[in-house]
Amino acid sequence: MAHASTTVVHNTSGPAVSMKFPHGKRFAFTILDDTDDSTLENVKPVYDVLKAYGIRTTKTVWPVDCPEGSRNFFAADTLQREAYLEFVHQLAADGFEIAFHGATMESSTRDRTVRALEFFKGEFGGYPTLYCNHGQNRENLYWGHKRFQTAWLRRSIRLFRKEKGSYYLGDVEGSDYFWGDLSRKHIRYVRNWTFPRLDMLEVNPEMPYRVPAAQHVNLWFSTADAPDVGAFVRLLSRQNIDRLDRTGGVCIVSTHLGKGFARDGCLDSQVENIFKILSVKQGWYVPATELLDYLVEVQGKGRTLGAWQTAMLEMRYLVNKIASVFH
Ligand SMILES: [Zn+2]
């Protein structure tokens, strides 16, 4: 790892830590693209520009169709559309990461999840290494109140949402929706918390991290949150990008590139400007798995998160959520 730069980062949960990035880069940035609403037509213009600026990111996909229909996501493409599959293959060839967003846009029992993972492997030569839960799919892993590890928080969320039993069953052995064993075997990273800020070192410097009770997930990570183009433009303000650069932070932004980033084949001009600003900075622009692997292998992350740190992270998420309601 020659010519790595060192930046002193002050985080809120411990003393200053040194973060080095490969090739003398000053900070790390990537995008985790949730495939909801994505079609070949509305995301290709975004990826064309990302590629042109040398920003390699992570795109989630749904490998198989949803013949029963979907009220909210019917318009999105799956890998069963030939032209879209070809486009995703090109993305993989260009160095973008292709990740798993579940088998398809609605709940899948184990047989469909297995079919989707095998289809993925057949197309891309290996299983996906990164997964992100989708909407209200029942095979989601540790979702609903089970996202919270801290007992009193979990209990409160369960009461607040009036969740009686466990609706999300991806991690429940013996259920029709169970695929936790396959997650454990193939998936290295699963996203959990999201925060309205760019630098995850300021919120979750330990990431990726283990949670002993969530035995079907190898490592969890957190991301910034910008659900659509408007939120993305607000979050990626010049000021925030400059700050990320200055503090040497690590940023993964969860967004939906299918939600307004391109219209009539053209990328939104404000988004293009953001990509342009990033491209002239000394950022390390690699897909999420590559970035997380680096944090584990070089920075020694990937350890178990203690109960106190877990509670702080969960509380912080809740406080941000509540604040956003009143904003
Ligand atoms: Zn989704």
Side-chain angles (χ1 to χ4, degrees), residues 30-44 46-47 57-81 84-85 87-88 91 96-109 112-113 115-117 119-120 128-144 146-147 161 167-171 177 179-180 182-183 186-187 189-196 217 220-232 235 252-262 287-289 317 321 324:
T30 196
I31 294 171
L32 174 57
D33 174 20
D34 182 312
T35 199
D36 305 6
D37 294 5
S38 288
T39 63
L40 171 62
E41 289 71 22
N42 69 20
V43 293
K44 188 173 182 300
V46 190
Y47 281 100
T57 59
T58 296
K59 176 178 177 12
T60 62
V61 293
W62 285 317
V64 300
D65 273 343
C66 184
E68 70 272 31
S70 173
R71 198 156 59 95
N72 295 323
F73 307 104
F74 64 92
D77 280 340
T78 74
L79 297 184
Q80 298 303 307
R81 181 183 170 198
Y84 179 74
L85 175 61
F87 156 69
V88 175
L91 283 183
F96 287 83
E97 176 181 18
I98 311 306
F100 196 51
H101 200 32
T104 191
M105 51 197 77
E106 297 292 332
S107 300
S108 294
T109 51
R112 188 154 75 180
T113 301
R115 193 152 49 82
L117 286 168
F119 181 84
F120 188 106
T129 53
L130 187 145
Y131 165 74
C132 185
N133 285 321
H134 167 65
Q136 270 92 54
N137 278 14
R138 298 200 65 183
E139 78 278 15
N140 285 351
L141 299 169
Y142 305 99
W143 207 234
K146 291 190 291 183
R147 277 179 95 173
R161 291 190 179 161
Y167 177 81
Y168 299 105
L169 298 170
D171 51 280
Y177 297 94
W179 69 288
L182 303 174
S183 154
H186 305 305
I187 307 282
Y189 305 112
V190 179
R191 196 208 67 192
N192 192 359
W193 305 115
T194 61
F195 298 93
V217 166
W220 296 96
F221 66 102
S222 305
T223 73
D225 188 26
D228 58 19
V229 67
F232 187 86
L235 185 66
I252 303 173
V253 184
S254 285
T255 191
H256 302 85
L257 294 183
K259 291 193 176 180
F261 281 72
T289 285
Y317 170 81
K321 273 284 159 203
S324 71

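The analysis underlying the following values was restricted to heavy atoms, covering all of them including side chains, and did not include hydrogens, waters or symmetry mates. All ligand and atom numbering here is 1-based and tracks the order in the structure.
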> Would F120 and W62 count as a ring pair (Phe, Tyr, Trp, His ring centres under 6.0 Å) if you check the C-alpha gap in whole Å, the side-chain angles of each, and the deciding distance to 0.1 Å?
Replying inline: CA-CA 9 Å; F120 188 106; W62 285 317; over 10 Å; no
> Hey, mind stepping through N137 and Y168 against side chain to side chain contact (heavy atoms under 4.5 Å, CB included) and telling me if it holds?
Replying inline: CA-CA 7 Å; N137 278 14; Y168 299 105; 6.0 Å; no
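Restricting D36 to its N, O or S atoms, the one at the least distance from the Zn ion (ligand 1) is OD1.
Not one N or O on the side chain of E106 forms a donor-acceptor pair closer than 3.5 Å with the backbone of S70. Of the possible polar contacts, none joining the T255 side chain to the D33 backbone as a donor-acceptor pair under 3.5 Å is found.
The Zn ion (ligand 1) has an N, O or S atom of H101 under 2.8 Å away, backbone or side chain. Residue contact annotation: H134 places an N/O/S atom under 2.8 Å from the Zn ion (ligand 1).
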